[in-house]
Amino acid sequence: MTHNARQRFRAPTKLKLRDEDADDATFSSRAANPKLGKSRGKALDHERTAALIDRIAALQDKLYAQRKQKVLLILQGMDTSGKDGTVRAMFSGISPMGLRAVGFKAPTDTELAHDYLWRVHQHVPMLGEIAIFNRSHYEDVLITRVQGWINDAECKRRYAQIRDFERMLAETGTVIVKVFLHISKEEQRERLQERLDDPDKQWKFNPEDIKQRAKWDDYQRAYEKAIRETDAPHAPWYIVPANSKTHRNLVIASLLLETLEGMDLSYPPPHPDLSSFTVE
């Protein structure tokens, strides 16, 4: 049983990203039963998430067999918000058939020689597939705007182009789920410091993260604007509190399960006369 996550975490019309909202744990077991200890509550949330992923796996098998629809899950968020962790937690227990994760890094020279949507369009899901974007075309109205590489007029044009692009995807059978992983500035500080302090995680640390962190407020405003401009019934945005990794995974599992349950998935009919076949 899920808790109508699509309604609870849908981006509001007048979105304002506040640090305190990143700690929201509405779906947690401890929210339902405050008497639970922290460790017990966390264990229960892990169990609930695992059960949801089992149900997602069953529906993903039908999606792949049916080959009539496709799902695009977009993960956006500040550095350390948990995009990689979400992919590992959500999809390690799901059949790799019909599942694909794509990570978008800084564009190559070839990609820069094309329009900014060119590299993205190549990776949208095929029929029967779930594609997960770790970052996406939204970087082209986020970092580009914060860094001043495009002006307001160009940013406005890109919002319109993204709306058209996502409408085309939806009209050709793609169910789109866009998630902003919302962490607080203090949580990001702790996670970056953890990378610095742990020799096994130092490879993840990029000095550029510190430069981008100095523009935290600019990024928050850029996200608010991009989400408001591109939220639509066929391409909804969800704001997922992500300070708690356990609660984050529970919410995203709920969102994805509710999405798949709303797609009328079923196995295709068998051969009309199976009784005529035998296996020697």
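Computation of the quantities below employed the complete heavy-atom set of this structure, encompassing side-chain atoms and omitting hydrogens, waters and symmetry-equivalent molecules.
Here the side chains of F9 and R6 are not in contact, with every heavy-atom distance at 4.5 Å or above. Looking at V120 and F165, their side chains come closer than 4.5 Å, going by heavy atoms from C-beta outward. Two residues are said to be in side-chain contact when any heavy atoms from C-beta on lie closer than 4.5 Å; R163 and H234 fail this criterion. Put simply, the side chain of L181 reaches to within 4.5 Å of the side chain of I252, judged on heavy atoms. Residues I183 and R191 are in side-chain contact: their nearest non-hydrogen atoms beyond the backbone lie under 4.5 Å apart. Between L17 and I239 there is a side-chain heavy-atom pair separated by less than 4.5 Å. The shortest side-chain heavy-atom distance between R228 and D231 does not fall under the 4.5 Å cut-off. A heavy-atom distance below 4.5 Å is not found between the side chains of Q188 and D209.
Judged purely by distance below 3.5 Å, without hydrogens or angles, the side chains of S28 and D45 never pair a donor atom with an acceptor atom. For the residue pair S95 / Q60, no side-chain donor-acceptor distance below 3.5 Å is found, with atom types taken as modelled. Between the side chains of H137 and E166, a donor-acceptor pair is found at a separation under 3.5 Å.
Applying the ring-ring contact (aromatic ring centres under 6.0 Å, His included) test to residues at least two apart or on different chains, the pairs with a partner in residues 169-198 are F180-H182, F180-Y223.
Tracing side-chain contacts under 4.5 Å through hydrophobic residues (I, L, V, M, F, W, Y), one reaches I56 starting from V251; they form part of the same cluster. M78 and F205 fall into different hydrophobic clusters, where Ile, Leu, Val, Met, Phe, Trp and Tyr side chains are chained together by heavy-atom contacts under 4.5 Å. Placement of L127 and V71 in two distinct hydrophobic clusters is found when ILVMFWY residues are connected by side-chain heavy-atom separations under 4.5 Å, directly or transitively.
Side-chain heavy-atom separations under 4.5 angstrom define the hydrophobic clusters, and the remaining members of the one that includes L36 are L44.
Note that the CG atom of L117 and the CD atom of Q122 stand 11.5 Å from one another [nearest 0.5 Å]. Separation of atoms CG (L73) and CG (N134) is listed at 10.0 Å; rounding is to 0.5 Å. The distance from the CZ atom of R88 to the CG atom of N249 is 10.0 Å, given to the nearest 0.5 Å. Taking CD1 from I130 and CE from M90, the interatomic distance works out to 9.0 Å, rounded to the nearest 0.5 Å. A distance of 13.5 Å separates NE2 in H114 from NE2 in H121, rounded to the nearest 0.5 Å. Rounding to the nearest 0.5 angstrom, the gap separating the OH atom in Y219 from the CG atom in D79 is 8.0 Å.
Side chain of R145 to backbone of L142: no donor-acceptor contact under 3.5 angstrom is found. Although no hydrogens or angles enter the test, the distance criterion places a donor-acceptor pair under 3.5 Å between the side chain of E111 and the main chain of T108. No donor-acceptor pair under 3.5 Å is formed between the side chain of R30 and the backbone N or O of G41. The backbone N or O of I176 sits nowhere less than 3.5 Å from a side-chain atom of T174 that would complete a donor-acceptor pair. In terms of modelled atom types and a separation under 3.5 Å, the side chain of E229 and the main chain of K156 share no donor-acceptor contact. Put simply, the side chain of K83 gets close to the backbone of G77: a donor and an acceptor are under 3.5 Å apart. K178 contributes a side-chain N or O that, together with a main-chain N or O of A235, makes up a donor-acceptor pair within less than 3.5 Å. Looking at Q202, its side chain does come within 3.5 Å of a backbone N or O of L196 through a donor-acceptor pair. In terms of modelled atom types and a separation under 3.5 Å, the side chain of R100 and the main chain of V124 share a donor-acceptor contact. One N or O on the side chain of Q76 and one on the backbone of S136 form a donor-acceptor pair closer than 3.5 Å.
Around atom CE of M97, no more than 12 heavy atoms belonging to other residues, nucleotides or ligands sit under 6.0 Å away. Counting non-hydrogen atoms of neighbouring residues, nucleotides and ligands closer than 6.0 angstrom, the NZ atom of K215 exceeds 12 such neighbours. A 6.0 Å sphere centred on CD of E20 holds more than 12 heavy atoms belonging to other residues, nucleotides or ligands. Within a 6.0 Å radius of CG in D264, other residues, nucleotides and ligands contribute 12 heavy atoms or fewer. In K185, the NZ atom is crowded: over 12 heavy atoms of neighbouring residues, nucleotides or ligands sit closer than 6.0 Å.
One finds a salt bridge joining R8 and D24 here, because a Lys/Arg side-chain nitrogen approaches an Asp/Glu carboxylate oxygen to under 4.0 Å.
Shown here are the side-chain contact (heavy atoms from CB on, under 4.5 Å) partners of Q161, two or more places apart in sequence or in another chain: Y116, R157, R158. For R221, the salt bridge (Lys or Arg N to Asp or Glu O under 4.0 Å) partners at least two apart in sequence or on another chain are E224. For the side-chain hydrogen bond (donor to acceptor under 3.5 Å, both in side chains) test, no residue two or more places apart in sequence or in another chain qualifies with D19. Among residues two or more places apart in sequence or in another chain, the salt bridge (Lys or Arg N to Asp or Glu O under 4.0 Å) test is passed with D218 by none.
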Side chain to side chain contact (heavy atoms under 4.5 Å, CB included) for K42 and K38? Distances and angles first, verdict last. CA-CA 6 Å; K42 187 174 182 178; K38 185 175 181 179; 5.7 Å; no
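In terms of heavy-atom proximity, F27 sits nearest to L250 at O-CD2, 3.3 Å.
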